[in-house]
Amino acid sequence: MAAPREPRKKTTRRKKDPNAPKRALSAYMFFANENRDIVRAENPGVTFGQVGRILGEKWKALNDDEKVPYESKAEADKKRYESEKELYNATKA
DNA sequence: TTGGTGATTGTTTGT
DNA sequence: ACAAACAATCACCAA
């Protein structure tokens, strides 16, 4: 009950940390990497607003097992951020 | 201990 | 360069 995600403020947040350990990517990013060329290839002419939306549709259109490879990458990417955050707290402190 | 916040990630396209 | 839909995230810090 808290943490409502309806009012999405503007995008492109800004950093506030000295070293800014940027976070990690998300499954969508990995999936999008594969879909961007696919969706765009199947939707020639569909502009960003549309492709972006279609992408999300397909994303969940996949079975949980289909997004598994993306999830796995998401985990690995998180670990990636893990190292930066590690150095962040190490160097910032 | 717990909560929720914000910040971020990457893509697409168009000007 | 940036802007929003699309989705996930999830570590971060504080009281």
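Reminder, nothing fancy here: chain letters follow the sequence lines and each chain counts from 1. Quantities reported herein were computed from a predicted structural model and do not represent experimental measurements.
- With hydrogens and angles left out, the side chain of A/Arg23 and the base of B/dT9 share no donor-acceptor pair within 3.5 Å.
- Regarding A/Ile54, its CD1 atom lies at a distance of 23 Å from the P atom of B/dG10, rounded to whole Å.
- Taking side-chain N and O atoms only, A/Lys22 has no distance below 4.0 Å to OP1 or OP2 of B/dT9.
- A donor-acceptor pair under 3.5 Å links the side-chain atoms of A/Arg36 to the main chain of A/Asn33, judged by distance alone.
- Panel note: side chain A/Asp77, backbone A/Lys73; no donor-acceptor pair is recorded below 3.5 Å.
- In this structure, A/Lys85 atom NZ and B/dG6 atom C1' are separated by 17 Å, rounded to whole Å.
- Separating the CD atom of A/Glu75 from the P atom of C/dA11 is a distance of 11 Å, rounded to the nearest angstrom.
- Atoms CD1 (A/Ile38) and P (B/dG10) sit 20 Å apart, rounded to a whole Å.
- Relative to the side chain of A/Leu55, the nucleotides B/dT11, C/dA8, C/dA11 differ in distance, and B/dT11 lies closest.
- Along DNA chain B, the nucleotide nearest to A/Asp77 and the one nearest to A/Gly45 differ in position, and the one closer to the 5' end is contacted by A/Asp77.
- The salt bridge (charged side-chain N to carboxylate O under 4.0 Å, His left out) with A/Glu82 is formed by just one residue from the set A/Lys78, A/Lys79, A/Arg80; it is A/Lys78.
- A/Tyr81 and A/Leu25 are assigned to two separate hydrophobic clusters, defined by single-linkage of ILVMFWY side chains at heavy-atom distances under 4.5 Å.
- Checking A/Glu75 against A/Ser72 by side-chain atom types alone, no donor-acceptor pair falls below 3.5 Å.
- In this structure, the nucleotide among C/dA8, B/dG10, C/dA5 sitting nearest to the side chain of A/Arg53 is C/dA5.
- A/Glu82 has its CD atom 9 Å from the P atom of C/dC12, to the nearest Å.
- The CE atom of A/Met29 sits 14 Å away from the C1' atom of B/dA7 (whole-angstrom rounding).
- Among the protein residues, A/Phe30 comes within range of no part of the nucleic acid, since none of its heavy atoms lies under 4.0 Å from any strand.
- Put simply, NZ on A/Lys79 is 14 Å from C1' on C/dC10, counting in whole angstrom units.
- Computed from coordinates, the A/Leu25 CG to B/dT9 C1' distance equals 4 Å when rounded to whole Å.
- For A/Trp59, the listed nucleotide lying nearest its side chain is C/dA7; candidates were C/dA7, B/dT11, C/dC12.
- When each of A/Glu71 and A/Gly49 is assigned the nucleotide of DNA chain C bearing its nearest heavy atom, the one mapping closer to the 5' terminus is A/Gly49.
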